[in-house]
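To keep things clear, I will list the structure first and then write my remarks on it.
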Amino acid sequence: QVQLVESGGGLVQPGGSLRLSCAHSKFTRDDYAIGWFRQAPGKERERVSCVSSSVGSPYYAYSVKGRFTISRDIGKNAVYLQMNSLQFEDTAVYYCVGTEYPDCITTMDARYEWEYWGQGTQVTVSS
């Protein structure tokens, strides 16, 4: 069972920045993917971003492309989501997710079910 722990959420003004961190335990395989989902009150869960340990480029939802950047620190078993130019619409609980399948094109499809989930961290964009 892979453990995922998010941190870094908080309150920020519109136009501000936050960096979310996800510390994860070791995956069963060397190839895996880690992503970020978010869910705002009354809205459906949204796939935000994904990074693979071995395959392809990072994935970003259209709503965050150009503002958010996902990155990995292999030595620390960590993934980060740098969020810039935050907007009211970015307010949500952000979840770090993991899967043993490394292809983000497949795993970010709406039909794909991720195996591992963190507990979530709240991001609130408010003036």
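Count residues from 1 along the sequence. Everything numeric here is computed off the predicted structure, so don't read it as measured data.
The OH atom of Tyr95 sits 13.5 Å away from the SG atom of Cys22 when rounded to the nearest 0.5 Å. Rounding to the nearest 0.5 Å places CD of Glu6 at 11.0 Å from CG of Leu81. Ser49 OG to Trp36 CH2: the interatomic distance, rounded to the nearest 0.5 Å, is 9.5 Å.
Residue pairs that meet the salt bridge (charged side-chain N to carboxylate O under 4.0 Å, His left out) test with at least one member in residues 112-127, sequence neighbours left out, do not exist here. For residues 20-33, there are no salt bridge (charged side-chain N to carboxylate O under 4.0 Å, His left out) pairs, not counting sequence neighbours. Applying the ring pair (Phe, Tyr, Trp, His ring centres under 6.0 Å) test to residues at least two apart or on different chains, none of the pairs has a partner in residues 39-60. Residues in residues 58-87 take part in these salt bridge (charged side-chain N to carboxylate O under 4.0 Å, His left out) pairs, two or more places apart or across chains: Arg67-Asp90. Among pairs with a residue in residues 12-25, those fulfilling side chain to side chain donor-acceptor pair (under 3.5 Å) read Ser17-Asn84, at least two apart in sequence or across chains.
With hydrophobic clusters built from ILVMFWY side chains whose heavy atoms lie under 4.5 angstrom apart, Tyr80 does not share a cluster with Val2. The hydrophobic cluster containing Phe68 also contains Leu18, counting ILVMFWY residues as joined when their side-chain heavy atoms lie under 4.5 angstrom apart, directly or transitively. Residues Val51 and Met83 fall within the same hydrophobic cluster, defined by Ile, Leu, Val, Met, Phe, Trp and Tyr side chains chained together at heavy-atom separations under 4.5 Å. Side-chain heavy atoms closer than 4.5 Å link hydrophobic residues (I, L, V, M, F, W, Y) into clusters, and following such links, even through other members, never connects Leu20 to Val93. Linking ILVMFWY side-chain heavy atoms closer than 4.5 Å, directly or via other members, places Val12 and Val64 in a single hydrophobic cluster.
Shown here are the side-chain hydrogen bond (donor to acceptor under 3.5 Å, both in side chains) partners of Tyr112, two or more places apart in sequence or in another chain: Thr99. Partners of Thr28 by side-chain hydrogen bond (donor to acceptor under 3.5 Å, both in side chains), not counting sequence neighbours, listed by chain and number: Glu100. Among residues two or more places apart in sequence or in another chain, the salt bridge (charged side-chain N to carboxylate O under 4.0 Å, His left out) test is passed with Asp109 by Arg111. Residues satisfying the side chain to side chain contact (heavy atoms under 4.5 Å, CB included) criterion with Ser126, sequence neighbours excluded, are Leu11, Thr124. Take Gln39 and apply the side-chain hydrogen bond (donor to acceptor under 3.5 Å, both in side chains) test, not counting sequence neighbours, and it matches no residue. Every residue meeting the side chain to side chain contact (heavy atoms under 4.5 Å, CB included) condition with Ile105, not counting sequence neighbours, appears here in chain and number order: Asp103. Contacts of Glu46 classified as salt bridge (charged side-chain N to carboxylate O under 4.0 Å, His left out), with partners at least two apart in sequence or in another chain: Arg38.
Considering all non-hydrogen atoms of both residues, Leu4 and Cys96 come closest at CD1-O, 3.5 Å. Ala92 and Gln122 make their closest contact through O-NE2, 3.4 Å (heavy atoms, listed as atom of the first residue, atom of the second, distance). Considering all non-hydrogen atoms of both residues, Ala33 and Trp114 come closest at O-CZ3, 3.5 Å.
With Gln119 contributing its side chain and Val5 its backbone, the two residues share no donor-acceptor pair below 3.5 Å. Not a single donor-acceptor pair under 3.5 Å links the side chain of Thr121 to the backbone N or O of Ser7.
Here the side chains of Ile34 and Phe27 are in contact, with some heavy-atom distance below 4.5 Å.
Between Trp117 and Phe37, the ring-plane angle classifies as perpendicular under the 30° and 60° cut-offs.
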